[in-house]
Amino acid sequence: MLKKYDTIYKSTSETGAISEAAEILKEGGLVAFPTETVYGLGADALNSDAASKIYAAKGRPSDNPLIVHIADKNDVYKLASEVPECAKILMEAFWPGPLTLIFKKKEIVPDGTTGGLSTVAVRMPSHPDAMALIKKSGVFIAAPSANTSGRPSPTAAEHVLEDMNGRIDMILDGGAVGIGIESTIVDTTSSVPTILRPGFITRSMLESQVGQVEFDKALFIQDPSVKPKAPGMKYTHYAPSGELSIVESETTPGKVTDSVIDTINNLVLSHEAKGEKVAVLATGDTSPLYKCKNIILLSDTDDDITVAQRLYGALRECDRVGADYIYSESFSGDELGGAIMNRLIKAAGHRIIKV
Ligand code: AMP
Ligand code: MG
């Protein structure tokens with residue numbers, strides 16, 4: 001049972017805030033904290049009761065395992081029963097940072113943290129507040145994104161407050177996050193390292209370290225009977241309240257063509273004629289071409305790093321303006337554009353209008 005309390009809200013710069021959060025974690029409570037990817041909702045990963053509170057607070061399906069956060073690379077050996085050579089290379093190259101690795105788990109990691117799987121997901125975050133919290137508490141922190149299940153992941157402490165106020169013990173406000181989309185997840189237990197969730201660390205960055213890297217095939221297959229290897233990837237996610245559709249050029253996916261712009265403008269017109277509220281998610285270069293009252297900018301020019309930073313905030317902004325319908329430009333590729341598109345497709349419940 002969750003206690004009924006007011007959630008403590010403190011800036012990480014406030015004296016004693018990290019120590020207070022560390023005490024809460026040690027006692028089996030829940031603390032939301034900033035990482036470089038998105039805000040996490042943390043609990044003691046080796047305390048099954050504490051980890052189970054995360055599922056209750058988020059309304060998260062119990063088969064969706066948690067990522068365990070560590071502050072020292074060597075701690076991997078306390079959690080993983082086997083650390084393959086490719087994992088050692090990736091840890092050296094990308095930790096601390098936005099890369100999660102999947103290992104065969106040791107007995108001490110409870111089923112409550114791994115959703116009953118025999119594997120465990122581990123990440124060493126680079127955010128100084130996340131690092132400080134892990135070190136101060138002395139526990140490994142199980143932390144999924146600190147949003148209500150299905151909602152956009154939080155990239156600012158205010159987003160966490162919107163979803164979690166009264167459901168968790170504490171929110172540490174460390175300002176806006178740097179990356180904005182969740183970590184890349186790589187399964188190191190398969191013969192060829194496999195990307196289960198795309199992210200800021202791209203396939204080419206991984207391949208430059210360990211040679212061939214594959215994508216989980218289920219990432220690109222629409223058939224719901226093909227199960228993704230990361231259980232969380234099968235759920236609709238990140239969705240705003242309004243109905244989001246992506247408008248994509250059939251011949252040049254990811255490129256905003258004249259017909260993409262015309263299609264979005266016609267859709268906006270027809271909704272507005274019916275008195276419905278519409279928002280358009282656009283990148284800077286093309287944003288002046290839309291005729292819509294609510295144009296939400298994903299970037300000032302066309303750079304994907306900014307789009308990743310702004311994406312979830314933009315989806316929450318669609319709710320704030322009360323949009324009934326939302327149209328977004330599309331993104332593509334094996335690099336960051338593909339990771340952005342992966343999130344957008346889930347947020348849109350796979351509604352893509354091809355033109
Ligand atoms: P979140 O932290 O909310 O972004 O979700 C964590 C993601 O990691 C989900 O998609 C999980 O399914 C995935 N995950 C966590 N542990 C494992 C594991 N042992 N094997 C595969 N995927 C995992
Ligand atoms: Mg999440």
Side-chain angles (χ1 to χ4, degrees), residues 30 32-43 45 51 54-70 76 79-84 87 98-106 109-125 127 130 140-155 159-160 163-164 168 177 179-190 193-201 214-216 218-219 227-239 308 311-312 315-316 339 342-343 345-347:
L30 298 184
F33 63 99
T35 81
E36 70 277 24
T37 58
V38 300
Y39 272 72
L41 178 57
I54 291 177
Y55 290 88
K58 281 180 60 87
R60 184 179 176 98
S62 61
D63 70 342
N64 190 1
L66 309 174
I67 294 170
V68 181
H69 294 73
I70 61 175
V76 137
L79 301 164
S81 62
E82 259 173 60
V83 180
L99 176 69
T100 296
L101 299 173
I102 307 286
F103 301 96
K104 293 203 174 102
K105 84 172 184 75
K106 272 195 171 159
V109 186
D111 282 347
T113 295
T114 64
L117 296 178
S118 59
T119 51
V120 60
V122 185
R123 177 163 106 82
M124 180 177 173
H127 196 292
F140 302 134
I141 304 181
S145 50
N147 52 294
T148 304
S149 254
R151 294 260 297 146
S153 299
T155 50
H159 301 162
V160 180
D163 284 13
M164 290 294 155
I168 64 176
V177 302
I179 291 178
I181 58 172
E182 301 82 350
S183 58
T184 306
I185 301 180
V186 174
D187 186 356
T188 70
T189 68
S190 43
T194 305
I195 299 173
L196 307 190
R197 176 171 74 183
F200 189 83
I201 306 287
E214 285 176 354
F215 279 107
D216 179 7
L219 286 176
K227 293 266 179 290
K229 288 190 189 138
M233 297 298 281
K234 69 176 175 283
Y235 297 107
T236 303
H237 225 134
Y238 323 124
L311 180 67
Y312 291 136
L315 293 172
R316 283 178 185 259
N342 168 269
R343 292 358 182 239
I345 289 174
K346 284 169 180 295

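Side chains are part of it too, since the values below use all heavy atoms of this structure and drop only hydrogens, waters and symmetry mates. For ligands, and for the atoms within them, numbers begin at 1 and follow the listed sequence. Positions are given from 1, in the same order as the sequence printed here.
- In the candidate list Lys104, Glu182, Arg60, Arg60 is nearest to atom 3 (O) of ligand 1, counting heavy atoms.
- Taking 4.0 Å as the cut-off between side-chain N and carboxylate O, Arg123 and Glu182 do not count as a salt-bridged pair.
- Closest protein heavy atom to atom 21 (C) of ligand 1: Lys229 O, 3.4 Å.
- Considering backbone and side-chain N/O of Arg197, one or more are found under 3.5 Å from N/O of ligand 1.
- A perpendicular orientation is assigned to the rings of Phe33 and His69, their planes being inclined by more than 60° (bins at 30° and 60°).
- Of all atoms in ligand 1, listed by their number and element, those nearer than 4.0 Å to a heavy atom of Leu117 are 18 (C), 19 (N), 20 (N).
- Of all protein heavy atoms, the one closest to atom 14 (N) of ligand 1 is Pro65 CG, 3.7 Å.
- Here Asn64 has side-chain heavy atoms under 4.0 Å from ligand 1, and that is the only part of it that gets that close.
- Remark: ligand 1 and Ile102 share no N or O pair separated by less than 3.5 Å (distance only, no angle test).
- For Leu315 against Ala347, the heavy-atom pair with the smallest separation is CD1-CB, 4.1 Å.
- At a heavy-atom distance under 4.0 Å, only side-chain atoms of Ile185, from C-beta outward, approach ligand 1.
- Checking only distances, Gly232 does come within under 3.5 Å of ligand 1, N or O to N or O.
- Distance from atom 2 (O) of ligand 1 to its nearest protein heavy atom, with residue and atom name: Pro144 CA, 3.1 Å.
- Here Thr119 has heavy atoms under 4.0 Å from ligand 1 in both its backbone and its side chain.
- For the Mg ion (ligand 2), protein N/O/S neighbours under 2.8 Å (waters excluded) are Ser145 OG.
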